[in-house]
Amino acid sequence: MHEHECRYYKRLQSGDVECLLCPHHCHIGEGRSGLCRSRRLVGGSLVSEVYGRPCALAVDPIEKKPLYHFHPGTTCLSIACTGCNLHCLHCQNHDISQAAPDDVGHAELTPEQVVGLCLARGCPGIAYTYTEPLTYIEYVMDTARLAHEKGLWNILVTAGYVCSEPLNDLLPFIDAANVDLKYFNDDTYRKVSGGRLQVVLDTILAMRDAGVWVELTNLLIPNVNDDMDCFRSMCRWMVENGLESVPLHLTRFFPHYRMRHVEPTPLSTLQTARRIATDEGLRVVHLGNVH
């Protein structure tokens with residue numbers, strides 16, 4: 001079950017393959033994996049080594065995703081597999097997102113079993129979360145399709161770093177998403193997380209256009225993305241693109257992973273950011289990681 005052929009790649013004349021899932025477009029040789037660590041070339045075919053191998057399962061309040069305005073007060077079955085196509089220096093789940101599949105314990109669950117478990121636990125939906133669910137998109141898509149057939153919701157918690165074709169194939173099965181809009185600066189995206197800003201912005205707009213309920217998270221990190229002029233530009237982008245009613249979660253940073261030397265975000269920074277957001281026309285702004 002764990003060697004499931006991937007859907008988005010092409011074979012190259014060299015014998016390698018090019019992965020077409022995300023903008024990294026990894027060129028992968030036999031026996032090697034892409035940057036996400038979970039998609040490997042085996043016998044000339046690109047396979048997902050985490051399909052059917054969730055490394056985390058839990059029943060969570062939907063507000064933990066965070067989704068505050070999509071069926072609040074309900075629960076969801078949270079599921080994750082190892083891997084991520086970004087390498088954020090402040091990752092909160094680096095022990096599973098920055099790990100190879102064989103380095104982390106896992107269950108063996110088919111999509112049918114995941115849906116059955118969700119129903120047995122009395123959860124109205126499934127959340128694909130904790131790591132980057134787009135790196136195991138085949139497992140998400142197969143599970144989400146079955147979940148819809150049983151009347152369950154599908155929730156995506158993602159950094160949004162994906163190509164348009166796989167995203168558009170997945171969105172018909174997604175009901176709600178929280179997208180981590182990490183920074184509103186391309187250089188910071190590249191240096192701190194290894195991604196590009198415009199890709200994430202395109203993902204957010206594609207979700208909006210597909211009718212997905214969207215909420216955004218912005219983790220404010222001292223001296224990384226707490227410049228208020230840049231933050232104001234992000235808020236203006238949201239308003240200019242008709243996203244003024246999209247809930248924005250401003251989250252407080254605490255030292256973690258490779259940013260243990262950085263101080264926690266002052267509460268005053270979040271309060272200033274919330275004031276700017278509302279001044280610019282955003283209607284729903286929440287503060288997170290704040291007691």
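Applying the ring-ring contact (aromatic ring centres under 6.0 Å, His included) definition to pairs two or more places apart or across chains, those involving residues 75-118 are His94-His256, His94-Tyr257. Within the structure, ring-ring contact (aromatic ring centres under 6.0 Å, His included) contacts touching residues 123-152 (residues at least two apart or in different chains) are Tyr51-Tyr139.
In the hydrophobic clustering of ILVMFWY residues, with side-chain heavy atoms under 4.5 Å counting as a link, Val114 and Ile155 come out apart. Hydrophobic clustering of Ile, Leu, Val, Met, Phe, Trp and Tyr side chains at less than 4.5 Å, counting indirect connections, keeps Leu109 apart from Ile96. Residues Val214 and Val284 are members of separate hydrophobic clusters, defined by side-chain heavy-atom contacts under 4.5 angstrom among Ile, Leu, Val, Met, Phe, Trp and Tyr. Residue Leu67 is not grouped with residue Leu170 when hydrophobic side chains (ILVMFWY) are merged at heavy-atom distances under 4.5 angstrom, including chains of intermediate members. There is a path of hydrophobic side-chain contacts, each under 4.5 Å, that joins Leu216 to Leu282.
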Requested in this report: Output, in order, the C-alpha distance, side-chain angles, deciding distance and verdict of side chain to side chain donor-acceptor pair (under 3.5 Å) for Thr217 and Asn178.
Outcome: CA-CA 7 Å; Thr217 293; Asn178 185 291; 2.9 Å; yes

Requested in this report: I would like to know whether Asn85 and Leu35 meet side-chain contact (heavy atoms from CB on, under 4.5 Å); could you show each step before the answer?
Outcome: CA-CA 6 Å; Asn85 55 351; Leu35 287 173; 5.7 Å; no

Query raised in the report: Passes side chain to side chain donor-acceptor pair (under 3.5 Å), Asp226 versus Thr269? Steps please.
Result: CA-CA 7 Å; Asp226 61 345; Thr269 300; 5.0 Å; no

Requested in this report: Please assess Arg121 against Thr75 for the test side-chain contact (heavy atoms from CB on, under 4.5 Å), listing each intermediate value before the final yes or no.
Outcome: CA-CA 10 Å; Arg121 295 293 178 89; Thr75 60; over 6 Å; no

Report task. List the steps, then state whether side-chain contact (heavy atoms from CB on, under 4.5 Å) holds for Tyr9 with Ser45. Result -> CA-CA 9 Å; Tyr9 74 99; Ser45 296; 3.7 Å; yes

Query raised in the report: side-chain contact (heavy atoms from CB on, under 4.5 Å) between Phe184 and Leu197: does it pass, once the steps are laid out?
Result: CA-CA 7 Å; Phe184 206 71; Leu197 171 62; 4.2 Å; yes

**Report entry** Derivation of the side chain to side chain donor-acceptor pair (under 3.5 Å) call for Thr265 and Arg252
**Finding:** CA-CA 6 Å; Thr265 312; Arg252 191 181 185 198; 5.5 Å; no

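Nearest approach of Glu215 to His69, heavy atoms of both residues: OE2-N, 2.9 Å. The two residues Leu77 and Val59 come nearest to each other via the heavy atoms CD1-CG2, 4.3 Å. Closest approach of Leu152 to Cys118, counting heavy atoms only: CD1-SG, 3.9 Å. Residues Val162 and Leu167 share a closest heavy-atom pair of CG1-CB, 3.8 Å. Taking each heavy atom of Gly15 and Leu41 in turn, the nearest pair found is O-CD2, 3.8 Å. Here the shortest heavy-atom pairing between Pro72 and Ile62 reads CA-CG2, 4.1 Å.
At distances below 3.5 Å, at least one donor-acceptor pair connects side-chain atoms of Thr278 with backbone N or O atoms of Arg275. When atom types are taken as modelled, the side chain of His4 and the backbone of Glu138 share no donor-acceptor pair closer than 3.5 angstrom. The main-chain N or O of Ser78 is never found under 3.5 Å from a side-chain atom of Asp60 such that the two would form a donor-acceptor pair. Using modelled atom types, one side-chain atom of Glu63 and one backbone atom of Gly73 make a donor-acceptor pair closer than 3.5 Å. In this structure, Arg11 contributes its side chain and Gly44 its backbone to a donor-acceptor pair below 3.5 Å. Side-chain atoms of Asn225 do not come within 3.5 Å of backbone N or O of Tyr183 as any donor-acceptor pair. Panel note: side chain Arg208, backbone Asn241; a donor-acceptor pair is recorded below 3.5 Å. The backbone N or O of Thr131 sits nowhere less than 3.5 Å from a side-chain atom of Asn93 that would complete a donor-acceptor pair. With Asn218 contributing its side chain and Lys182 its backbone, the two residues share a donor-acceptor pair below 3.5 Å. A donor-acceptor pair under 3.5 Å is formed between the side chain of Ser233 and the backbone N or O of Asp229.
Counting only heavy atoms from C-beta outward, the side chains of Ile28 and Cys19 approach each other to under 4.5 Å. Looking at Leu134 and Leu21, their side chains never come closer than 4.5 Å, going by heavy atoms from C-beta outward. Residues Met207 and Thr158 are in side-chain contact: their nearest non-hydrogen atoms beyond the backbone lie under 4.5 Å apart. A heavy-atom distance below 4.5 Å is not found between the side chains of Glu49 and Arg39. Inter-residue side-chain proximity for Thr129 and Lys64 is flagged as unmet; no heavy-atom pair is nearer than 4.5 Å. Within the 4.5 Å cutoff, no side-chain heavy atoms of Phe173 are placed close to those of Thr143.
Here the NZ-CG distance, from Lys191 to Asn185, works out to 8.5 Å after rounding to the nearest 0.5 Å. Expressed to the nearest 0.5 Å, how far CD of Glu132 lies from CD of Gln98 amounts to 11.0 Å. Asp209 CG to Ile204 CD1: the interatomic distance, rounded to the nearest 0.5 Å, is 12.0 Å. The distance from atom CG of Leu287 to atom CD of Gln271, rounded to the nearest 0.5 Å, is 7.0 Å. Thr110 OG1 to Asp142 CG: the interatomic distance, rounded to the nearest 0.5 Å, is 10.0 Å. Separation of atoms SG (Cys163) and NE2 (His25) is listed at 4.0 Å; rounding is to 0.5 Å.
A 6.0 Å sphere centred on CZ of Arg258 holds no more than 12 heavy atoms belonging to other residues, nucleotides or ligands. Other residues, nucleotides and ligands place no more than 12 heavy atoms under 6.0 Å from the CD atom of Glu263.
The existence of a salt bridge linking Arg7 and Glu165 is excluded, since no basic side-chain nitrogen approaches an acidic carboxylate oxygen closer than 4.0 Å. With salt bridges taken as basic N to acidic carboxylate O contacts below 4.0 Å, one links Arg190 and Asp186. A salt bridge does not link Asp102 to Arg37: none of the charged nitrogens lies less than 4.0 Å from a carboxylate oxygen.
Between Phe70 and Trp153, the ring-plane angle classifies as perpendicular under the 30° and 60° cut-offs. Between His249 and Tyr68, the ring-plane angle classifies as perpendicular under the 30° and 60° cut-offs.
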